[in-house]
Amino acid sequence: MLNKYARAFFTRVLTPFATLLLRLGVSPDTVTLIGTAGVVAGALVFYPLGHFFWGTVVITLFVFSDLVDGNMARQLGRSSRWGAFLDSTLDRVADAAVFGGIALWYAGGGDSVLMCGVTIFCLASGQVVSYTKARGESIGLPVNVNGLVERAERLVITLVLAGLSGFTVFGVPYIGVLLPVALWVVALGSIVTLGQRVVTVRREAAEADGAADAEGTGTA
């Protein structure tokens, strides 16, 4: 849901930066790789140690590369299949690093088997939600549905509340509870979104099969 509005806003904001990078000879693929490396480093260096504020600051600085590289490709007028594949693949890597870093925290200093499990569920369900769309499209279906909690929502909810929970280092009491809240919301939202996509694919598949059968009958 956030994709529809947030992407348009940030695309306008980041366009001058994307133009500058192109003038400097930087390629969209390079931005994609650097952005993913920054997210992975921020998540796996800071989060397992419980440094959620600074980890989120680092991740946020790099996560916008997902918008910058696409902006650059559009300015160049060459949205390649390779670029789309690379971007989508590295998005999964970045997501895994974010939730993996949080899971490592709960498995260690966070000392919560329950929240470690919830975090792993968030990681796995996010990958499955993305897979359902990719798989549906690969068999020729549009998968025309705006899910409740898609990638943008998962990242915003998790990063914002994780960052705020990191204010415990500044002496803010009780704010650490925001991270578990974020994870439960993402976990439940991912279940709903998965259901929405499965139902949509089932309906679209039935419609496509029905249309094919009707066409075959008409031809005969």
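Numbering starts at 1 and runs along the sequence shown.
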Selection residues 115-134 - residue pairs positive for salt bridge (charged side-chain N to carboxylate O under 4.0 Å, His left out), sequence neighbours left out: Lys133-Glu137

Main-chain N/O of Thr32 paired with Thr36 side-chain donor or acceptor, under 3.5 Å: yes

Flag side-chain contact, heavy atom, 4.5 Å: Ile120 against Cys116: yes

For Ser27, side chain to side chain contact (heavy atoms under 4.5 Å, CB included) partners two or more places apart: Asp29, Thr30

Hydrophobic cluster membership, Leu86 vs Met72, 4.5 Å side-chain cutoff: no

Side-chain heavy atoms of Thr119 within contact of Leu123, under 4.5 Å: no

Non-hydrogen atoms of Gly147 and Glu150 that approach each other most closely: N-OE2, 2.8 Å

Closest non-hydrogen atom pair, Pro16 against Val13: CD-O, 3.4 Å

Check against ring pair (Phe, Tyr, Trp, His ring centres under 6.0 Å), Phe52 and Phe46: CA-CA 7 Å; Phe52 291 108; Phe46 290 95; over 10 Å; no

For Leu14 against Asn71, the heavy-atom pair lying closest together: C-ND2, 4.4 Å

For the student: nearest non-hydrogen atoms of Glu204 and Asn144, plus distance: OE2-N, 2.9 Å

Rounded distance [0.5 Å steps], CD in Glu207 versus CZ in Arg202: 11.5 Å

ILVMFWY cluster, Leu114 and Tyr47 together (side-chain gap under 4.5 Å): yes

Transitive ILVMFWY side-chain link Leu161 to Val118, under 4.5 Å: yes

Side-chain donor-acceptor pairs of residues 177-194 under 3.5 Å, sequence neighbours excluded:
{"residue": "Ser190", "atom": "OG", "partner": "Val186", "partner atom": "O", "Å": "2.7"}
{"residue": "Thr193", "atom": "OG1", "partner": "Leu148", "partner atom": "N", "Å": "3.4"}
{"residue": "Thr193", "atom": "OG1", "partner": "Val149", "partner atom": "N", "Å": "2.7"}
{"residue": "Thr193", "atom": "OG1", "partner": "Val149", "partner atom": "O", "Å": "3.2"}
{"residue": "Thr193", "atom": "OG1", "partner": "Gly189", "partner atom": "O", "Å": "2.8"}

Donor-acceptor pair, side chain of Ser125 and main chain of Cys122, under 3.5 angstrom: yes

Where Gln75 and Thr15 come nearest, the two heavy atoms and their spacing: NE2-O, 3.6 Å

Leu141: hydrophobic cluster co-members (side-chain, 4.5 Å): Ile139, Val143, Val145, Val201

Hydrophobic cluster membership, Leu155 vs Phe64, 4.5 Å side-chain cutoff: yes

Taking only distance into account, with no hydrogens and no angle test, what donor-acceptor pairs under 3.5 Å do side-chain atoms of residues 97-106 form with protein atoms, sequence neighbours excluded?
none

No-hydrogen, no-angle side-chain donor-acceptor test under 3.5 Å, Arg197 and Thr200: no

Qualifying ring pair (Phe, Tyr, Trp, His ring centres under 6.0 Å) pairs, either residue in residues 143-173, two or more places apart: Phe53-Phe167, Phe53-Phe170, Phe167-Phe170

Minimum heavy-atom distance Ala162-Ser165, with the two atoms named: O-OG, 2.6 Å

Hydrophobic cluster membership, Leu90 vs Phe62, 4.5 Å side-chain cutoff: no

Spacing of Phe17 atom CZ and Leu22 atom CG [to the nearest 0.5 Å]: 10.5 Å

